[in-house]
Amino acid sequence: MVKHTATSVVTIERFIIEQERMFPEATGELSGILYDMALAGKMIANKVRSAGLADILGATSATNVQGEVQQKLDIIANEIIVKAFDHGGRLCAMASEEEPDIIHIPEGFRAGKYVLLFDPLDGSSNIDVNVPVGTIFSVYRKITRGTRGEMEDMLQPGRRQVAAGYVIYGSSTMLVYTTGQGAHGFTLDPSIGEFLLSHPNIRIPDRARYLSVNDAYEQDWPEPTRALMRRYRGMDGVRAPLNVRYVGSLVADFHRNLLGGGIFCYPANTRSPRGKLRLLYEANPLAFIAEQAGGLASDGSGRVMDIQPTELHQRTPLYLGSRAEVETVQEFPLPPEFVERRVGTAGAA
Ligand code: P6P
């Protein structure tokens, strides 16, 4: 693989092609999915950046399958991604946070050998106050027979992802993705409309600088979780306290921790024993990125990417980021009612 530095001007298209050349058997379909996601990211960025002026801020009167009020931009971003992929012939089905069921490829269009799961605009309640938001995506190979995507194709453990990534709409628009060959970051140059390689081979520092957690749920956490947070805060005398940084936008919190070293925690609590974040299109893709950057992702009892999904929109507790900090989670084992069934080895986390 060509060794790039952040100073060489490498477009995402060139980088994807160079990565594809490492696999002679590659057909180019996965590369095509990544191209299309980059295009969708640019289109969503354009909408996010002009939302305040184009009267597309704010909420609709609708709620999504999660029961959450749908922001206008949620719907727009969802439509952009569905339209970018529904006729390209690379996917056999999609699933979105914004839609209750599988999104099938329309009759008359060729179906491909991959499935795409995505959160079109995570953290969208932050848009009206100009806090960074993001798109998160995850790609698997189809495992069922026939051409039509099935639910079984969607409900695969995260360790079987073939690609994953996110676009963050922040002070700049960045796309970070992995195909299992490291995690790589690209920054959109708006003057030419290209994503340029800016963060080749991202490595997350083993030790965290930041702790991202919402303490409002502290009274509902099981005692081992409260003890773990006291550890991260240096209150049990074992380690120095971490700086708390919590934006309330998963992609923004994760991206800062990925580059600077940190751990994002959304623990289980007695009111929601599986936490809030979704396994398939939030936790698993970011877990893949984190592990490819040398980090880890746990649900408090084991590796997130070993969880065997049973439902499209199921949730999972999440401890995500710097390896040493996620490994610390194991020192605070949870009561059995918080432990999720998983397949294969328990993994490092
Ligand atoms: P809380 C945004 O709504 C989101 O899904 C994630 O982006 C974010 O990390 C989390 O919820 C924040 O949740 O309960 O702390 O407001």
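Remember, it's 1-based here, ligands and their atoms both numbered in the order they're listed.
Checked against side chain to side chain donor-acceptor pair (under 3.5 Å), His104 has the following partners two or more places apart in sequence or in another chain: Arg148. With sequence neighbours left out, Arg160 forms a side chain to side chain donor-acceptor pair (under 3.5 Å) with Gln156. Qualifying side chain to side chain donor-acceptor pair (under 3.5 Å) partners for Tyr281, counting only residues two or more places apart in sequence or in other chains: Gln66, His313.
For the pair Arg256 and Tyr210, the cation-pi test (distance below 6.0 Å, angle within 45°) is passed.
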Kindly print each ligand 1 N/O atom paired with any protein N/O atom under 3.5 angstrom away, one pair per line, or none if nothing qualifies.
{"unit_1": "ligand 1", "atom_1": "7 (O)", "unit_2": "Asp122", "atom_2": "OD2", "d": "2.5"}
{"unit_1": "ligand 1", "atom_1": "7 (O)", "unit_2": "Leu250", "atom_2": "N", "d": "2.8"}
{"unit_1": "ligand 1", "atom_1": "9 (O)", "unit_2": "Leu250", "atom_2": "N", "d": "3.3"}
{"unit_1": "ligand 1", "atom_1": "11 (O)", "unit_2": "Lys276", "atom_2": "NZ", "d": "2.9"}
{"unit_1": "ligand 1", "atom_1": "13 (O)", "unit_2": "Lys276", "atom_2": "NZ", "d": "3.0"}
{"unit_1": "ligand 1", "atom_1": "14 (O)", "unit_2": "Tyr217", "atom_2": "OH", "d": "2.5"}
{"unit_1": "ligand 1", "atom_1": "14 (O)", "unit_2": "Tyr266", "atom_2": "OH", "d": "2.6"}
{"unit_1": "ligand 1", "atom_1": "15 (O)", "unit_2": "Asn214", "atom_2": "ND2", "d": "2.9"}
{"unit_1": "ligand 1", "atom_1": "15 (O)", "unit_2": "Tyr246", "atom_2": "OH", "d": "2.5"}

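Checking each of Arg239, Arg209, Arg231 against Glu325 for a salt bridge (Lys or Arg N to Asp or Glu O under 4.0 Å) leaves exactly one that passes, namely Arg239.
Side chain of Arg323 to main chain of Gly294: a donor-acceptor pair is present (N/O by atom type, distance under 3.5 Å, no hydrogens or angles).
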